[in-house]
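Following: one structure in C-alpha cells, then a few remarks.
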Amino acid sequence: MIILTVLLVPSLLLASGLVLDGGAALSTKDRVLGEAAEAARAGADALDVIAYRQTGRPAVDPLRARAAAEKYLAATGDQYTVTASADAVTVTVRAGYRTQLLNVGGLDVIHVAGRATAHPVTSDASTP
C-alpha cells in the first residue's frame, strides 16, 4: 500500500500540474496573442496621410505606428518588440506564467509569446 501511495501521489501531482499550469499557460498565451493583435492594429491605424493623398494607397507612418503600439503595450507590463514599416506593423509580446504545481518538479516559469501583424487598410472599396 505504501509503494502504491508513493507512486500514485507524484503521478497525480504531475497530472494535476499539467492540467492546472498547462491551462493557465495556454490562457496566458491567448492573452499575449490578443495584446499583440490589438497593439498591431493600433499601430496600423497611424496612417501616413500625405503618402495616402499622393499615392492613393494606405501607408503606415512607422514612427507614429511604433509609438501607438508601444503606448498600448505599456500598460500590460509584458516584454514586447514592435517593428513598423510603411506596409505593416508587427508586434511580438513575451510573458511568463509562474507555475503553481509544476514548480515542485523544478519548472518555475512557462514562457509564452504571441506575434501579430497588421496592415493598413481603408474603407474605400476600390483599395485592395
- Provide the closest heavy-atom pair for Ala86 versus Pro120 in the form atom of the first, atom of the second, distance. O-CG, 3.9 Å

- Message: Which heavy atom of Ala113 sits nearest to which heavy atom of Val32, and what is that distance?
- Response: C-CG2, 3.8 Å

- Point-to-point distance, once rounded to the nearest 0.5 Å, from NE2 of His111 to OG1 of Thr28: 12.0 Å

- Message: Minimum heavy-atom separation for Leu33 and Gly114, please, with both atom names.
- Response: CD2-CA, 3.5 Å

- Query: Where the side chain of Ser27 meets the backbone of Gly23, is there a donor-acceptor pair that is under 3.5 Å apart?
  - Reply: no

- Query: What's the shortest heavy-atom distance between Gly96 and Val109, and which atoms?
  - Reply: CA-CG1, 3.9 Å

- Item | Atom CD1 of Ile3: over 12 foreign heavy atoms under 6.0 Å | no

- Message: Using a 3.5 Å distance criterion without hydrogens, assess whether the side chain of Glu38 forms a donor-acceptor pair with backbone atoms of Ala36.
- Response: no

- Item | Side chains of Leu73 and Tyr80 in contact at under 4.5 Å (non-hydrogen atoms) | yes

- Which heavy atom of Tyr97 sits nearest a heavy atom of Ala25, and at what distance? CD2-N, 4.2 Å

- Message: Just verifying a value: how many Å separate Arg66 CZ and Asp61 CG, rounded to the nearest 0.5 Å?
- Response: 10.5 Å

- Could you verify whether a donor N or O on one side chain and an acceptor N or O on the other, from Thr76 and Arg31, lie under 3.5 Å apart? no

- Task: Mind listing the closest non-hydrogen atom pair of Asn103 and Gln100 along with its distance?
- Result: OD1-O, 3.4 Å

- Query: Are any side-chain N or O atoms of Thr99 and backbone N or O atoms of Asp21, one a donor and one an acceptor, separated by less than 3.5 Å?
  - Reply: no

- Determine whether Arg94 and Val112 make a side-chain contact, defined as any pair of heavy atoms from C-beta on separated by less than 4.5 Å. no

- Query: Can you tell which of Val91, Val93, Thr92 makes a side chain to side chain contact (heavy atoms under 4.5 Å, CB included) with Val82?
  - Reply: Val91

- Message: So for atom CD1, which belongs to Ile50, do other residues, nucleotides or ligands contribute more than 12 heavy atoms lying within a distance under 6.0 Å?
- Response: no

